Asker: 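The structure's right below; bear with me while I get my questions together.
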Amino acid sequence: MGTHATHIVWDWNGTLFHDTEAVMGATNAAFAELGLPPITLDRYRELYCVPIPRFYERLLGRLPTDAEWLVMDEAFHRHYAAHRPACGLTEGAELLLESWQLAGRSQSILSMYGHDELTPLVRGFGIEARFLRVDGRTGPSGGSKSEHMVRHLAALTAGPSGGGHGNGDGHGNGTAGRGGATGRIDPGRTVVIGDAVDDAVAARHAGAHAVLYTGGSHSRASLAAAGVPVVDTLAEAVELAEEIAA
């Protein structure tokens, strides 16, 4: 079985899925429930980080207690679910995914959005077959993507015989599409495209490259601190991915 050339691991929220308005609406609705003042998008991008309790520490001046975090997390996800239906794919994303696949290249999704919510959403946009694998988070929210990335790439590297239907945690209930070329994935020729510093951290942890996109959760200044290329469009990100992992 052959080895792919460049493989792209796409982030979902804030990258392929343009949900900035939903995130801000849910954040401020949750804040209102908790008696916190609203936050602007610029301030959100300046402060946002993972683990997400650290984001709240930057806002509150202290880490939330475990009980407070559970309340904050539940409130955010409840309001996000209400705002999400108004969101769509990032402009130009569908054509980029199609072109990458038609060129015989491979791609996958790894998201920290809940797996059971992610997969029907991807399927509903009619793009599931563009990806070798679609993995969302299982377990508690708010953590880093690093170990999820290691498992995601390990499953891709194993190829179809390695059980290509996992969800990024080895539990084997994810989804796999056609995704373009078939064969093993080389982490050293893989580029993670995402909107958060944690995407670059996760890529580095797994031996992959990263390109960060300014259209999501972080400011350009905070993304630049990750030490990887930063771009303003997904088209630029794909162009750079080809160059980086060539």
Side-chain angles (χ1 to χ4, degrees), residues 10-91 109-118 120-122 136-149 168-169 192-202 210 212-226 230 232:
W10 291 97
D11 174 55
W12 180 249
N13 300 91
T15 304
L16 288 177
F17 187 53
H18 183 70
D19 62 347
T20 303
E21 290 79 7
V23 168
M24 291 307 303
T27 297
N28 283 325
F31 281 9
E33 281 192 22
L34 299 164
L36 297 173
I39 186 173
T40 65
L41 176 58
D42 286 345
R43 183 68 172 156
Y44 180 94
R45 286 174 165 165
E46 178 187 346
L47 296 177
Y48 182 80
C49 63
V50 294
I52 294 176
R54 288 287 308 279
F55 169 57
Y56 286 102
E57 180 183 24
R58 292 179 174 186
L59 284 169
L60 301 174
R62 63 174 177 82
L63 275 171
T65 66
D66 290 344
E68 287 173 329
W69 162 244
L70 289 176
V71 171
M72 292 171 174
D73 192 48
E74 186 281 329
F76 172 82
H77 284 95
R78 174 164 38 84
H79 288 291
Y80 179 83
H83 285 82
R84 188 192 69 195
C87 303
L89 295 177
T90 300
E91 184 177 358
I109 292 176
L110 175 63
S111 173
M112 294 302 283
Y113 191 44
H115 185 78
D116 291 341
E117 292 78 30
L118 172 67
L121 189 55
V122 173
R137 171 190 52 78
T138 59
S141 63
S144 172
K145 187 180 275 189
S146 292
E147 293 304 321
H148 295 269
M149 185 68 71
D169 69 349
V192 177
I193 298 177
D195 70 313
V197 170
D198 192 48
D199 290 301
V201 172
L212 299 181
Y213 164 62
T214 61
S217 60
H218 279 334
S219 67
R220 172 175 279 276
S222 60
L223 293 176
V230 178
D232 295 321

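What you see is a predicted model, and the numbers here were worked out from it, not measured in a lab.
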Asker: Are the side chains of Ile109 and Leu118 in touch, meaning some heavy atoms are under 4.5 Å apart?
Answerer: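 Contact flag for Ile109/Leu118 side chains = yes.
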
Asker: What is the minimum heavy-atom distance between Gly216 and Thr20, and which atoms define it?
Answerer: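 Closest pair (atom of Gly216, atom of Thr20, distance): CA-OG1, 4.3 Å.
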
Asker: Could you grab the distance from atom CD of Glu68 to atom CZ of Arg62, nearest 0.5 Å is fine?
Answerer: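 Nearest 0.5 Å value for the CD-CZ distance: 4.0 Å.
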
Asker: How close do Ile39 and Met24 get, heavy atom to heavy atom, and via which atoms?
Answerer: O-CE, 3.3 Å

Asker: Sequence neighbours excluded, which residues qualify as salt bridge (Lys or Arg N to Asp or Glu O under 4.0 Å) partners of Glu33?
Answerer: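 Salt bridge (Lys or Arg N to Asp or Glu O under 4.0 Å) check on Glu33 returns Arg78.
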
Asker: Let's go through Tyr213 and Thr90 carefully: what are the C-alpha distance in whole Å and the side-chain angles of both, what is the deciding distance for side-chain contact (heavy atoms from CB on, under 4.5 Å) to 0.1 Å, and is it a yes or a no?
Answerer: CA-CA 11 Å; Tyr213 164 62; Thr90 300; 3.5 Å; yes

Asker: Backbone N or O of Ala196 within a donor-acceptor pair of the Asp199 side chain at under 3.5 Å?
Answerer: yes

Asker: Which heavy-atom pair separates Glu57 from Pro64 by the least distance, and what is that distance?
Answerer: N-CD, 4.3 Å

Asker: Please tell me if the side chains of Arg84 and Leu121 come closer than 4.5 Å, counting only heavy atoms from C-beta onward.
Answerer: yes

Asker: What heavy-atom pair brings Ser144 and Asp198 nearest, and what distance separates the two atoms?
Answerer: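 In this case the closest contact between Ser144 and Asp198 is OG-OD1, 2.9 Å.
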
Asker: Excluding sequence neighbours, so at least two apart, what forms ring-ring contact (aromatic ring centres under 6.0 Å, His included) with Tyr48?
Answerer: Tyr44, Phe55, His218

Asker: Which residues pass the side chain to side chain donor-acceptor pair (under 3.5 Å) test with Ser217, sequence neighbours left out?
Answerer: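 Ser217: side chain to side chain donor-acceptor pair (under 3.5 Å) contacts with Asp195.
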
Asker: Do Leu41 and Arg45 touch side chain to side chain, with heavy atoms closer than 4.5 Å?
Answerer: yes

Asker: Among residues at least two apart in sequence or on other chains, which ones pass side chain to side chain donor-acceptor pair (under 3.5 Å) with Asn28?
Answerer: none

Asker: Inspect the surroundings of CD in Glu74 and state if more than 12 heavy atoms from other residues, nucleotides or ligands are less than 6.0 Å away.
Answerer: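 Yes, CD of Glu74 has more than 12 neighbouring heavy atoms, counting only those of other groups under 6.0 Å.
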
Asker: Just verifying a value: how many Å separate His115 NE2 and Arg137 CZ, rounded to the nearest 0.5 Å?
Answerer: 11.5 Å

Asker: Start with the C-alpha gap between Asp11 and Val192, add the side-chain angles, then the distance that decides, and say whether side-chain contact (heavy atoms from CB on, under 4.5 Å) holds.
Answerer: CA-CA 7 Å; Asp11 174 55; Val192 177; 5.8 Å; no

Asker: Taking all non-hydrogen atoms of both residues, which atom of Ile193 and which atom of Thr15 are closest, and how far apart?
Answerer: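 Heavy atoms only, the tightest pair is O-CG2, 3.7 Å.
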
Asker: Closer than 3.5 angstrom, by distance alone: can the side chain of Ser222 be matched with the main-chain N or O of Glu46 as a donor-acceptor pair?
Answerer: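 No, because the side chain of Ser222 does not come within donor-acceptor range (under 3.5 Å) of the backbone of Glu46.
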
Asker: Rounded to the nearest 0.5 Å, what separates atom CE in Met72 from atom CG in Leu36?
Answerer: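 CG of Leu36 is found 6.0 Å from CE of Met72.
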
Asker: Identify the heavy atoms of Pro37 and Phe31 that sit nearest to each other, and give their distance.
Answerer: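 Residues Pro37 and Phe31, closest heavy atoms: O-CD2, 3.3 Å.
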
Asker: Run the side chain to side chain donor-acceptor pair (under 3.5 Å) test against Asp19 and tell me which residues pass, sequence neighbours left out.
Answerer: Asn13, Tyr80

Asker: Answer yes or no: is there a side-chain heavy-atom contact under 4.5 Å between Trp69 and Leu63?
Answerer: no

Asker: So how far is it from Arg43 CZ to Leu59 CG, rounded to the nearest 0.5 Å?
Answerer: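 Arg43 CZ to Leu59 CG: 7.0 Å, rounded to 0.5 Å.
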
Asker: Side chains of Met112 and His148: does their closest heavy-atom pair fall under 4.5 Å?
Answerer: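 Yes; the side chains approach each other to less than 4.5 Å.
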
Asker: Measuring from Leu110:CG to Trp12:CH2, what's the distance to the nearest 0.5 Å?
Answerer: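 If we round to the nearest 0.5 Å, Leu110:CG and Trp12:CH2 are 13.0 Å apart.
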
Asker: With sequence neighbours left out, what residues match Ala202 under side chain to side chain contact (heavy atoms under 4.5 Å, CB included)?
Answerer: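 With sequence neighbours excluded, Ala202 shows a side chain to side chain contact (heavy atoms under 4.5 Å, CB included) to Lys145, Ser146, Met149, given in chain and number order.
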
